[in-house]
Engineer: 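Please see the structure below; I have some questions.
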Amino acid sequence: MTPPATSPHPWRFFRSGGLDQVHLGSAEDLRSLEQLDRKLWVALSCPVRGLQVDERTLALIDTDKDGHVRPPEVIAAVSWACTRLADPKSLLAGSPSLPLASIGDAALAESARWVLSRLEKPGDSVLPSDAAEVGRGLSKGALKGDGILRPDAGGDDDTRALVADITACCGEASEKTVAAFFSDLEAFRGWAARGGPAAAADLGPLAAEAFEAVAAVKAKVLDYFARTGLSAFDPAATAGLGRTPDDYRAMGGAVLSPDAPAIAALPLAAVAPGKPLPLSAGVNPAWAGALSRLRTAAVAPILGADRQELTRQDWDALQAKLQPYEAWVGTRPATRAAGLGAERIEAILEGGGRKALADLFAEDSQLAPRVGAAADVERLALLHRDLGTILRNFVNFADFYSKGHSAVFQAGTLYVDSRACSLCVQVDDAAAHAAFAVMSRLYVAYLDCRRPGGRTMKIAAAVTQGDSDYLFVGRNGVFYDRTGADWDATITSISDSPISIRQAFLAPYKRASAFISEQFAKFAASKDKAVQSAVGASVASPGAAAAPGQYFDIAKFAGIFAAVGIAIGAVGVAVERIFSRLMGLPIWMWPVAVLAALLIVSGPSILLAAIKLRQRTLGPLLEGTGWAVNGRVKINMPLGSALTERACLPAGSARIGTDPYEDKAAGRRRRAAAAVIVLVCAWLAAARIFRLWPF
């Protein structure tokens with residue numbers, strides 16, 4: 001056996017529901033929470049969603065953002081709050097607002113006052129919603145204190161345009177990316193200055209257009225001169241270097257456009273030995289525009305405006321003239337900022353945008369502490385309000401065992417079949433949850449809940465008192481959540497288990513009664529069917545003679561009467577033997593004998609139900625929703641009676657008048673039967689006393 005872990009802090013425990021749970025009642029208990037042995041925590045994990053506590057608070061505690069809260073995160077939240085409160089014990093009581101006087105951290109108290117002043121709200125306490133509203137206001141402003149400038153952060157149009165350019169080129173406008181952006185601009189300007197007139201091929205600003213016009217057709221021009229050169233080498237190859245009439249007939253079957261891919265794939269012009277490249281007439285229509293641009297932007301300024309065609313030597317001269325420019329373009333800085341263009345880059349570098357951005361960063365850095373302060377105020381206000389509740393439903397289950405509170409996992413109250421079930425938990429998948437619920441030994445009904453507007457929810461409701469006779473799939477009820485909103489609820493499935501000893505005691509008799517009723521119903525149905533068939537046959541053939549075998553068989557009915565007589569006789573013999581044995585006992589033994597008979601019939605059912613009722617536990621019901629329950633949270637009979645309330649008249653109430661629809665005849669029959677039973681018992685007692693019984 002592992003020895004218990006020692007702790008320098010003297011813990012106190014309370015016992016509830018058969019479970020020892022730590023008592024948290026002082027500031028020192030909270031400060032020492034890390035020393036509490038994890039084996040003594042009632043829960044080790046709970047989901048962030050689906051609980052009756054602000055999801056925002058649980059999300060703040062869930063620092064690793066995995067959707068579950070665990071002991072180290074709870075300890076960290078408690079430690080953080082304790083160091084910032086004047087009296088950490090106030091966490092246990094909790095309150096909707098955080099009093100400024102309860103904040104022990106001077107900087108945080110000043111931040112709370114700043115939050116109130118920002119909202120122009122007088123008072124000496126701050127709400128979590130106050131800090132959240134200030135935080136949202138800061139987040140919606142141009143400056144957010146996060147070191148990032150947005151396009152709307154600038155004070156003028158030029159600065160906003162500059163921030164937009166930086167964001168487009170660098171992804172975001174932080175101090176680091178802004179420095180890199182301006183470095184790229186300087187590199188681009190230096191590259192542009194190194195080009196000079198020589199690199200521009202004596203064309204000045206027109207060199208870029210000439211270079212782009214040549215680059216657009218370079219591959220096709222080289223293809224054309226390769227074909228004409230090969231044709232000059234061997235004229236027999238000329239026919240194969242162009243397109244045949246069959247190729248054009250194939251294209252003619254489709255709808256063509258000047259830039260169709262089939263046309264663009266043809267040579268720039270008709271191929272002939274040593275033929276120059278025409279620049280206007282007789283060119284491929286798909287490339288006419290590109291060749292026209294080549295003639296205007298490159299051939300005319302470099303070779304002369306009168307050129308209407310281009311030889312291979314002319315093409316080589318054109319390439320040689322633009323080669324320095326091409327070499328210079330190849331050294332262009334490979335940055336997105338270069339895409340702004342030389343004119344825009346020069347305007348940015350010569351303008352005052354860099355200083356304007358520096359001023360905005362300085363203003364943003366002054367705002368950053370305020371943003372963090374608003375977040376800390378909200379966090380402390382949320383923990384001050386909710387952390388005590390979380391501790392009472394995680395470290396221990398004090399709220400669950402308390403008569404005045406509901407646990408955070410209790411979603412509301414279900415009203416169905418004259419009962420109010422308060423142990424209802426929200427579930428996502430009823431089928432998956434049922435695999436856990438069966439291990440809890442609880443009778444669990446799964447319901448689909450609906451509200452106007454299309455809102456839906458699934459719950460699992462534990463029924464811990466009464467019986468299950470009128471609980472069935474399809475039964476409707478009403479579910480009230482913790483806010484008081486009502487939902488239409490319908491039972492969709494059931495995880496069956498015993499509910500009470502009373503139900504187990506009556507179960508054998510109900511099963512026997514149901515079996516007898518079923519057999520009588522089957523017998524009556526078969527006889528009714530036979531009668532209906534006979535009547536139908538007689539109506540269809542009123543004059544027909546009786547079919548063979550349909551006459552009255554006296555022997556057959558004599559056998560039936562004999563069988564009935566034997567059965568009645570057997571029952572009579574059994575009754576006679578019971579009365580004989582009963583008359584042979586002393587009178588004071590009669591109640592014992594009756595009780596023994598009842599135990600023989602109901603005993604096995606009661607024993608099985610008692611075992612399962614003693615095994616009822618809350619753990620599997622919660623673990624099906626994502627909890628990790630550490631302690632064995634039992635649900636005994638008194639707690640079960642508290643979790644499910646049956647309808648009963650309140651104390652001090654009285655019935656007024658009589659029921660006008662009471663079945664008085666049935667009442668008289670019941671009273672007569674009771675009187676007969678009493679008289680028979682009295683006669684048997686007298687016969688036993690005065691020895692009048694013949695046996």
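A quick note: this is a predicted structure, and the numbers were derived from the prediction, not measured.
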Engineer: For the residue pair Phe394 and Trp627, categorise the inter-ring angle as parallel (less than 30°), tilted (30 to 60°) or perpendicular (more than 60°).
Structural biologist: tilted
Engineer: Given side chains that start at C-beta, do those of Thr167 and Leu149 come closer than 4.5 Å, heavy atoms only?
Structural biologist: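 Answer no - side chains too far apart.
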Engineer: How about Lys218 and Gln319: do any of their side-chain heavy atoms sit closer than 4.5 Å?
Structural biologist: yes
Engineer: Check whether any side-chain heavy atom of Gln308 sits under 4.5 Å from a side-chain heavy atom of Ser280, and report yes or no.
Structural biologist: yes
Engineer: Can you tell me how far apart CZ (Phe409) and CD (Gln52) are? Round to the nearest 0.5 Å.
Structural biologist: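 It comes to 11.0 Å.
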Engineer: State the OG-CD distance between Ser45 and Glu73, to the nearest 0.5 angstrom.
Structural biologist: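 Here the rounded value is 8.5 Å.
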Engineer: Please give me the minimum heavy-atom distance between Arg56 and Leu382, naming the atom from each residue.
Structural biologist: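 Closest approach of Arg56 to Leu382, heavy atoms only: CG-CD1, 3.5 Å.
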Engineer: Salt-bridge test for Glu212 and Arg293: reply yes if a basic N is under 4.0 Å from a carboxylate O, no otherwise.
Structural biologist: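 Yes.
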Engineer: A quick test of your reading: do over 12 heavy atoms of other residues, nucleotides or ligands sit less than 6.0 Å from CG of Asp316?
Structural biologist: yes
Engineer: In Å, rounded to the nearest 0.5 Å, how long is the span from CD1 of Ile348 to CD of Glu343?
Structural biologist: 11.5 Å
Engineer: Output yes when a side-chain donor or acceptor of Arg150 lies under 3.5 Å from a complementary backbone atom of Ile148, and no otherwise.
Structural biologist: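 Such a contact is found between Arg150 side chain and Ile148 backbone.
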Engineer: Does a side-chain N-to-carboxylate-O contact under 4.0 Å join Arg379 and Asp376?
Structural biologist: no
Engineer: Rounded to the nearest 0.5 Å, what separation is found between the SG atom of Cys169 and the CG atom of Asp184?
Structural biologist: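 Result: 8.5 Å between the selected atoms.
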Engineer: Check Val48 against Val69 and note the closest heavy-atom contact, atom names and distance.
Structural biologist: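 Where Val48 meets Val69 most closely, the heavy atoms are CG2-CG2, 4.2 Å.
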Engineer: Would you find a donor on one side and an acceptor on the other, under 3.5 Å apart, between the side chain of Thr490 and the backbone of Asp448?
Structural biologist: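 No.
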Engineer: Between Asn284 (side chain only) and Ile263 (backbone N and O only), is there a donor and an acceptor less than 3.5 Å apart?
Structural biologist: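 Pair found, side chain donor or acceptor close to backbone of Ile263.
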Engineer: If you compare all heavy atoms of Ser495 against all heavy atoms of Tyr446, which two are closest, and at what distance to 0.1 Å?
Structural biologist: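 Scanning both residues, the minimum pair turns out to be CB-CE1, 4.3 Å.
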Engineer: Is the shortest heavy-atom distance from the side chain of Arg295 to the side chain of Pro278 under 4.5 Å?
Structural biologist: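 Answer no - side chains too far apart.
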Engineer: Under 3.5 Å, is there a donor-acceptor pair between the side chain of Asp62 and the main chain of Gly67?
Structural biologist: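 Answer holds: yes.
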Engineer: Run the side-chain contact (heavy atoms from CB on, under 4.5 Å) check on Asp130 and Val377 step by step: do they pass?
Structural biologist: CA-CA 9 Å; Asp130 295 336; Val377 171; over 6 Å; no
Engineer: Between Leu447 and Trp487, does a side-chain contact (heavy atoms from CB on, under 4.5 Å) hold up when you go through it step by step?
Structural biologist: CA-CA 11 Å; Leu447 299 98; Trp487 301 64; over 6 Å; no
Engineer: Looking only at side chains, do Asp314 and Thr311 share a donor and an acceptor under 3.5 Å apart?
Structural biologist: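 The criterion, which ignores hydrogens and geometry beyond distance, is satisfied for Thr311 and Asp314.
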Engineer: Is any side-chain heavy atom of Leu621 less than 4.5 Å from a side-chain heavy atom of His433?
Structural biologist: yes
Engineer: Please check if the side chain of Ser117 supplies one atom and the backbone of Trp114 the other of a donor-acceptor pair under 3.5 Å.
Structural biologist: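 Yes.
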Engineer: How far apart are the closest heavy atoms of Val134 and Ala374, and which atoms are they?
Structural biologist: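 In terms of heavy atoms, the two residues are closest at CG1-CB, 4.3 Å.
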Engineer: Output the distance between atom CZ (Arg227) and atom CG (Leu268), rounded to the nearest 0.5 Å.
Structural biologist: 9.5 Å
Engineer: Decide, yes or no, whether a salt bridge links Glu350 with Arg189 under the criterion of side-chain N to carboxylate O below 4.0 Å.
Structural biologist: yes
Engineer: What distance separates Leu185 CG from Leu349 CG, expressed to the nearest 0.5 Å?
Structural biologist: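 Here the rounded value is 5.0 Å.
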Engineer: Minimum heavy-atom separation for Cys449 to Ala489, with atom names?
Structural biologist: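 Looking at all heavy atoms of both residues, the closest pair is SG-CB, 4.0 Å.
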Engineer: Going through the distances and angles, do Asp105 and Thr83 end up as a side-chain contact (heavy atoms from CB on, under 4.5 Å)?
Structural biologist: CA-CA 8 Å; Asp105 185 288; Thr83 59; over 6 Å; no
Engineer: Taking Leu44's backbone N and O only, do any of them form a donor-acceptor pair with Asn630's side chain (distance below 3.5 Å, no angle check)?
Structural biologist: no
Engineer: Using atom types as modelled and distance alone, determine if a side-chain donor or acceptor of Arg49 lies under 3.5 Å from a backbone N or O of Glu55.
Structural biologist: no
Engineer: Under 3.5 Å, side chain of Asn393 to main-chain N/O of Val408, donor-acceptor pair present?
Structural biologist: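 Side chain of Asn393 to backbone of Val408, a donor-acceptor pair under 3.5 Å: yes, one is there.
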Engineer: Taking Tyr224 for its side chain and Pro276 for its backbone only, find out whether a donor-acceptor pair lies under 3.5 Å.
Structural biologist: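 The answer is yes, because a donor-acceptor pair under 3.5 Å joins these two groups.
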Engineer: For Glu172, does its backbone N or O pair with a side-chain atom of Thr177 as donor and acceptor, under 3.5 Å?
Structural biologist: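 Between the backbone of Glu172 and the side chain of Thr177 there is a qualifying donor-acceptor contact (under 3.5 Å).
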Engineer: Give me the atom names and distance for the closest heavy-atom approach of Met457 to Phe479.
Structural biologist: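 Closest approach of Met457 to Phe479: CE-CE2, 3.5 Å.
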Engineer: List the steps, then state whether side-chain contact (heavy atoms from CB on, under 4.5 Å) holds for Val299 with Leu318.
Structural biologist: CA-CA 7 Å; Val299 175; Leu318 194 65; 4.2 Å; yes
Engineer: Got more than 12 heavy atoms from elsewhere within 6.0 Å of CZ, Arg451?
Structural biologist: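 More than 12 heavy atoms, drawn from other residues, nucleotides or ligands, come within 6.0 Å of this atom.
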Engineer: Would you call Glu34 and Ser79 a side-chain contact if the rule is heavy atoms closer than 4.5 Å?
Structural biologist: no
Engineer: With a 6.0 Å cut-off (strictly less than), is the heavy-atom count around NZ of Lys355, excluding the residue itself, greater than 12?
Structural biologist: no
Engineer: Is Glu110 salt-bridged to Arg113, going by a charged N under 4.0 Å from an acidic O?
Structural biologist: no
Engineer: Is there a side-chain contact between Leu116 and Lys121 in this structure, where contact means two heavy atoms from C-beta onward sitting under 4.5 Å apart?
Structural biologist: yes
Engineer: Does the side chain of Thr335 reach to within under 4.5 Å of the side chain of Phe181, using non-hydrogen atoms?
Structural biologist: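 Heavy-atom side-chain distance check fails, nothing below 4.5 Å.
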